[in-house]
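Only one structure is covered here, and it is reproduced in the block below.
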Amino acid sequence: MSNKKSVWTPTYILRSLSAWLVALVIFFPLLFLLVTSFKTELQAIAVPSMWLFEPTLENFTEVQERSDYLHYAWNSVVTSVLSTLLGLAVATPAAYAMAFNPTKHTKDVLMWMLSTKMMPAVGALVPIYILCQNTGLLDTKFSLIIIFTLSNLPIMVWMLYSYFKDIPHEILEAARMDGATVAQEFRHVLLPLSMGGLASTGLLCLVLSWNEAFWSLNLTSANAGTLATLVASYSSPEGLFWAKLSAVSVLAIAPIVVFGWFSQKQLVQGLTFGAVK
Amino acid sequence: MSSQARGNRTTSRLLMSPAVISLLLWMLVPLGMTIYFSLIYYNLMNPFLEGWAGLSNYEFFISNPAFGDAVWNTLLLLGSTVVITVGLGLAIALLINDPFPGRGLVRILLISPFFVMPTVNALLWKHMMMNPIYGFLAQVWTFFGAEPVDWLTDLPLFSVIIMVSWQWLPFACLIFITSLQSMDREQLEAARMDGANFLQQFRYLYVPHLARSISVVIMIEVIFLLSIFAEIYTTTAGGPGTESTNFAFLIFTEALLNFDVGVASAGALFAIILANIVAIFLIRMIGKNLEN
């Protein structure tokens, strides 16, 4: 990016080294988790920590056998993907209307939406629990999908709104002059221009739903439980079985972390909410 | 023209209605039920006690000594995490702003904790990092000849703050990095030529440029951190005593551990009030930066 002038100055080397050091310190707990998942239980709690040992896959097979990892993983995939799609379908038209036909109340509506997100979920826990119980929706993927969608909706609308707002109105007006209907305008002009925004919003929603713990812990158990509940179930009774705990944790976070690595640029770009031009 | 404008407005309303109506229901139905439950006696362990409770659930919730602690812990958890993540995030972002070998990989390592689910985050820190005997931090402390700290017993709230900050630091940091990329390099060069030291550059060039992203980071963090739950649930369970009980966890204790729906509902209404107070402050403070 910057022009190549004499690079290897002491400050440069020092700065590069400290950047690496910081990154490794922040990443270290995850590395530790990964390494522990390949140890036997005895090696896992050895002091000082072992870094050279013969890796075993025993923990992973045991997690799958004992608690059916794939069942929970499937629940996580279904709930996060479907709630993301549903959320995009509801948030996109709303954000479009707010960005391109703003009224004097648009800002207020947006702030109100965000304020619903600030209310603690626990405040709605008892009513939602009772509603789910009475409608037979307790421990179903359906209720989780709806709840994930609703709780992500304010952020999604806001994100898409800030994205749409940066699209020049003239382009849409030109299309309108040429006699395009709202639907055509949306499909042929807006959609191609806002793929980036839709992608980042979808990515964020996917990550948030995958990692959501409050509702899944309180509303689901064996049937619709997601990976977040599977991990929590390994916490209390087997607190000290570190190797197995690590294996189940690695299995729970690996899909989304790897997915995140590939999409981080896009995701972060969207998360700046138009703060960066 | 005016008929077209009216047509536009109708279309807009139609397009917005699914989002607005569903959020309205999502807010009002639980709120209505919560208000109703908060006014009656409703204890799952004591079904014979029923009827109109007036404001006694509210009294009971406020007079609980844990109430004050929970408010304080909620604000402390929120405030410290925001300060830590914004402060360290800025420092790291400035460190990584200029290119160096392996910058892409460093970015990936840095963002990773943001994708980790709260339950894993909590268990990882509780056991493998903070365990006073086998934990990695204990080993570091012993290595330097210090007495290992029993984190979750002696510093429960601080431990939770560490876990939450570890999760949100990457987020703050990467937003700042992205924002720094769009800075006017020539202006910076000019300032350097004119002999502006780093502090002056920071104060007059970096901070104004980053103001909007700092606002965004604070806003998002407040939205997510006001009701931290999973980290407390899986590690300290609010203890010892009420030392790490925040508002969300206190209501959870009332509802699902004491089975007192009435009192929990009263608590939930206080939580909503608290959230709104924070929201008003927030919008006053940084709302200006969010617009434009």
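All of these numbers come straight from a predicted model, not from anything done at the bench. Below, all heavy atoms of this structure are taken into account, side chains as well, without hydrogens, waters or symmetry copies. Below, chain A is the first sequence line, B the second, and so on; all start at residue 1.
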Contact origin within A:V25 toward chain B - heavy atom pairs under 4.5 Å: neither

Region of A:S49 that comes under 4.5 Å of a non-hydrogen atom in chain B: both

Check: B:T119 and A:Y234 side chains under 4.5 Å, non-hydrogen atoms: no

Per-residue contact mode, B:N121 against chain A (heavy atom under 4.5 angstrom): neither

Minimum side-chain heavy-atom gap B:L15-A:M98 below 4.5 Å: no

Heavy-atom contact with chain A under 4.5 Å, split by part of B:L226: side chain

Flag side-chain contact, heavy atom, 4.5 Å: B:P101 against A:S16: yes

Within-4.5 Å side-chain heavy-atom neighbours: A:S246 and B:M128: yes

For the student: nearest non-hydrogen atoms of B:F115 and A:I256, plus distance: O-CG2, 3.3 Å

Per-residue contact mode, A:A252 against chain B (heavy atom under 4.5 angstrom): both

Step-by-step side-chain contact (heavy atoms from CB on, under 4.5 Å) determination, B:L109 to A:I26: CA-CA 8 Å; B:L109 292 181; A:I26 288 181; over 6 Å; no

Distance (rounded to the nearest 0.5 Å) between A:L114 CG and B:I220 CD1: 8.0 Å

Mutual orientation of the aromatic rings belonging to A:W242 and B:H127 [parallel < 30°, tilted 30-60°, perpendicular > 60°]: tilted

Whether over 12 other heavy atoms sit under 6.0 Å from B:F100 CZ: yes

Any side-chain donor near an acceptor of the partner, A:W261 and B:S112, under 3.5 Å: yes

Within 6.0 angstrom of A:F28 CZ, more than 12 heavy atoms from elsewhere: yes

Structural part of A:S18 lying under 4.5 Å from a heavy atom of chain B: both

Test item: B:D98 and A:Y12 side chains (from C-beta on) under 4.5 Å apart, heavy atoms: no

Residue B:F176 versus chain A: region with a heavy atom under 4.5 Å: neither

Heavy-atom pairs under 4.5 Å with chain A, option from B:A19, B:A230, B:P18 with the top count: B:A19

Residues that A:S216 engages under side-chain hydrogen bond (donor to acceptor under 3.5 Å, both in side chains), provided they are two or more places apart: A:E212

Interatomic spacing from CG in B:L23 to CG in A:L150 - rounded to 0.5 Å: 6.5 Å

Over 12 non-hydrogen atoms of neighbours within 6.0 angstrom of CZ in B:F198: yes

Contact class of A:L125 relative to chain B, heavy atoms under 4.5 angstrom: side chain

Polar side-chain atom of A:Q264 near backbone of B:I111 as donor-acceptor pair, under 3.5 Å: no

Per-residue contact mode, B:F252 against chain A (heavy atom under 4.5 angstrom): both

Interatomic distance, A:T103 atom OG1 to B:R13 atom CZ [nearest 0.5 angstrom]: 8.0 Å

Taking every non-hydrogen atom, the tightest pair across A:L30 and B:P113: CD1-N, 4.2 Å

Max heavy-atom pair count under 4.5 Å with chain B, selected residue of A:F100, A:Y96, A:F214: A:F214

4.5 Å side-chain heavy-atom contact, B:F224 and A:I155: yes

A:W112, part contacting chain B, at a heavy-atom distance under 4.5 Å: side chain

Best-contacting candidate, A:N101, A:T229, A:V207, A:L24, against chain B by heavy atom pairs under 4.5 angstrom: A:N101

Closest non-hydrogen atom pair between A:P127 and B:T34, with its separation: CG-OG1, 3.3 Å

Proximity breakdown for A:V90 and chain B, heavy-atom pairs closer than 4.5 Å: both

Side chains of B:T178 and A:Q269, donor plus acceptor under 3.5 Å: no

Worked verdict on A:I147 versus B:W26 for side-chain contact (heavy atoms from CB on, under 4.5 Å): CA-CA 9 Å; A:I147 288 172; B:W26 172 239; 3.9 Å; yes

Steps toward side-chain contact (heavy atoms from CB on, under 4.5 Å) verdict (A:W20, B:L105): CA-CA 9 Å; A:W20 269 98; B:L105 190 57; 3.7 Å; yes

B:L174 versus chain A, the contacting section by heavy-atom distance below 4.5 Å: both

Atom pair CD1/CZ of A:I130 and B:F37 - distance to nearest 0.5 Å: 3.5 Å

Portion of B:L24 that has a non-hydrogen atom of chain A nearer than 4.5 angstrom: both

B:Y36 versus chain A, the contacting section by heavy-atom distance below 4.5 Å: neither

A:L227, part contacting chain B, at a heavy-atom distance under 4.5 Å: both

Part of B:I177 within contact of chain A (heavy atom distance under 4.5 Å): neither

Engaged part of A:I146 at the chain B interface, taking heavy atoms whose separation is under 4.5 Å: neither

Nearest non-hydrogen partners of B:L110 and A:A23, listed with the distance: CD2-CA, 4.1 Å

Top contributor to chain B interface from A:A228, A:A91, A:A121 [non-hydrogen pairs under 4.5 Å]: A:A228

Nearest non-hydrogen partners of A:A19 and B:V106, listed with the distance: O-CG1, 4.3 Å

Rounded distance (nearest 0.5 Å) linking atom CG of A:L131 with atom CE of B:M33: 4.0 Å

Test of ring centre spacing under 6.0 Å for A:F32 and B:F136: yes

Test log, rule side-chain contact (heavy atoms from CB on, under 4.5 Å), inputs B:L88 and A:V22: CA-CA 11 Å; B:L88 281 181; A:V22 167; over 6 Å; no

Closest heavy-atom pair and its distance - B:M27, A:T116: SD-CG2, 3.8 Å

Rounded distance [0.5 Å steps], NZ in B:K126 versus CG in A:L245: 9.5 Å

